Amino acid sequence: IVYVASGGNDTTGAVDTSDAAAAALPCLTLTGAINLARTVLGTGAGSLDGLRVRLTVGTWSRASSPTANTTNCAIIIEPGTGVAKADAIMEFGAANNVFNTTYVRHSGITIRRQGAFYPFNSATGHCVFENCDLDFNGTVSALAGSATSYFFVNVTMTGHSSSVLAAAAPIIALLRGCQFGTANSNANVEPNAIIGCDIRGCRVNVGARDLSGSIVAFNKFMQAGNASGAVLNINPATVPVISGFAFIQNIVEYTSSVSNPAFAPSSDSQDVDISHLLSWHNTFVGFDTY
């Protein structure tokens, strides 16, 4: 465990298995905390596996990137003991500073995006947000420029723009138990696994990636009223065949006066074939003439 607190010291802070010992000698910055842990625990692959960086009350951002680390399981960024989610605030995006590791889990904190840069930079790694409040702050750029896998579990997202969760370079591997979106927006969401979410105004759009095996289940797609197309659009641009796509027990509320389908698998002379499509116990309401 290593703590970050106002008045801490990145050189003399403690890295300890005792919460009390680490809290007594905190670091001053996020970058300093990870670099100090690297000094104490070692520089080899896996040396920082399971490191917990605990934030005290305040707003914390990275002034620079830590030295690169290879991890087999996550470095965890979380509130310190007794610190509320709303009071442990991490910012990213204003500058090109990242955690510089292959696996990061943000747990139980508030996160604010300040600009177009990424929270994570490993093309083969995993970035997890769980039990967080995440404000994208209207930033329209995607979360990464590489095939980083992002996982969102029980996250409330605001300021969500059209491309942040879309099928682009980063892989939106999981959205589970999340709340996000704006009524009648044109935001696209990649459907690898969307489970039990409460979504406003967003459209499921597979993009150009082969998303065979996707599961979209137990969600509410409410106030989906943008005029640009179907709420569920399974028409990838470059993939000839999708094998396996499950759309199960969802509610889809279409609220536009423009005639668009709520559900469009391989529609309107698209070149895509779909094999093994399961649409079961869904409710489609308010979808105008289609």
Side-chain angles (χ1 to χ4, degrees), residues 92-93 111-120 127 129 132-145 148-209 211 214-237 245 247 250-258 260-265 267 282 284-288 290:
F92 76 92
I111 304 171
R112 295 176 184 157
R113 192 171 193 181
Q114 299 296 305
F117 292 106
Y118 311 139
F120 190 66
C127 183
F129 299 94
C132 292
D133 291 338
L134 173 54
D135 182 5
F136 286 108
N137 218 3
T139 303
V140 299
S141 58
L143 284 171
T148 297
S149 294
Y150 282 91
F151 301 78
F152 299 84
V153 181
N154 297 331
V155 177
T156 298
M157 291 179 262
T158 55
H160 168 251
S161 64
S162 60
S163 58
V164 172
L165 301 177
I171 300 166
I172 307 302
L174 174 66
L175 289 158
R176 179 170 180 171
C178 298
Q179 297 182 12
F180 61 92
T182 303
N184 304 320
S185 73
N186 188 31
N188 292 322
V189 183
E190 181 175 20
N192 282 292
I194 306 176
I195 312 292
C197 293
D198 186 346
I199 302 170
R200 293 290 186 274
C202 297
R203 302 189 301 124
V204 173
N205 198 332
V206 296
R209 192 163 20 239
L211 294 178
S214 291
I215 300 174
V216 180
F218 321 122
N219 305 288
K220 293 192 295 184
F221 294 92
M222 309 301 287
Q223 297 172 300
N226 191 274
S228 295
V231 179
L232 177 65
N233 183 36
I234 314 177
N235 293 310
F245 195 106
F247 190 66
N250 301 281
I251 297 173
V252 179
E253 179 191 39
Y254 193 73
T255 54
S256 176
S257 60
V258 177
N260 275 312
F263 186 37
S267 66
N282 298 293
F284 296 90
V285 298
F287 49 87
D288 195 51
Y290 280 32

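Quick caveat: nothing in here was measured; it's all calculated off a predicted structure.
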Which pair of heavy atoms, one from [X] and one from [Y], lies closest together, and at what distance?
{"X": "N184", "Y": "A224", "result": "OD1-C, 4.4 Å"}
{"X": "A262", "Y": "V252", "result": "CB-CG1, 4.1 Å"}
{"X": "F136", "Y": "G159", "result": "CB-O, 3.1 Å"}

Side chain to side chain contact (heavy atoms under 4.5 Å, CB included) evaluation trace for M222 with I251: CA-CA 8 Å; M222 309 301 287; I251 297 173; 4.1 Å; yes
Worked check of side chain to side chain contact (heavy atoms under 4.5 Å, CB included) between E190 and L211: CA-CA 9 Å; E190 181 175 20; L211 294 178; 3.5 Å; yes
I215 and I195: CA distance, side-chain angles, deciding distance, side chain to side chain contact (heavy atoms under 4.5 Å, CB included) verdict: CA-CA 8 Å; I215 300 174; I195 312 292; 3.8 Å; yes
Do side-chain atoms of [X] reach the backbone of [Y] as a donor and acceptor pair under 3.5 angstrom?
{"X": "Y150", "Y": "P170", "result": "no"}
{"X": "E253", "Y": "Q223", "result": "yes"}
{"X": "R113", "Y": "D135", "result": "no"}

Taking atom [atom1] of [X] and atom [atom2] of [Y], what is their separation to the nearest 0.5 Å?
{"X": "M157", "Y": "C197", "atom1": "CE", "atom2": "SG", "value": "7.0 Å"}
{"X": "I194", "Y": "S214", "atom1": "CD1", "atom2": "OG", "value": "8.0 Å"}
{"X": "N154", "Y": "F129", "atom1": "CG", "atom2": "CZ", "value": "14.5 Å"}
{"X": "T158", "Y": "L134", "atom1": "OG1", "atom2": "CG", "value": "7.0 Å"}
{"X": "L232", "Y": "R203", "atom1": "CG", "atom2": "CZ", "value": "10.5 Å"}

Side-chain touch P119/L143, heavy atoms, less than 4.5 angstrom: yes
Heavy-atom side-chain proximity of F247 to V204 below 4.5 angstrom: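 No - every pair of side-chain heavy atoms lies 4.5 Å or more apart.
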For D133, salt bridge (Lys or Arg N to Asp or Glu O under 4.0 Å) partners two or more places apart: K85
Any residue meeting ring pair (Phe, Tyr, Trp, His ring centres under 6.0 Å) with F180, in chain and number order, not counting sequence neighbours: H160
Pairing residues for F117 by the ring pair (Phe, Tyr, Trp, His ring centres under 6.0 Å) criterion, not counting sequence neighbours: none
Side-chain donor-acceptor distances from residues 171-178 under 3.5 Å, at least two apart:
none

N250: side-chain hydrogen bond (donor to acceptor under 3.5 Å, both in side chains) partners, not counting sequence neighbours: N219, N282
Any residue meeting side-chain hydrogen bond (donor to acceptor under 3.5 Å, both in side chains) with D198, in chain and number order, not counting sequence neighbours: R200
Stepwise side chain to side chain contact (heavy atoms under 4.5 Å, CB included) test for F221 and V216: CA-CA 11 Å; F221 294 92; V216 180; 3.8 Å; yes
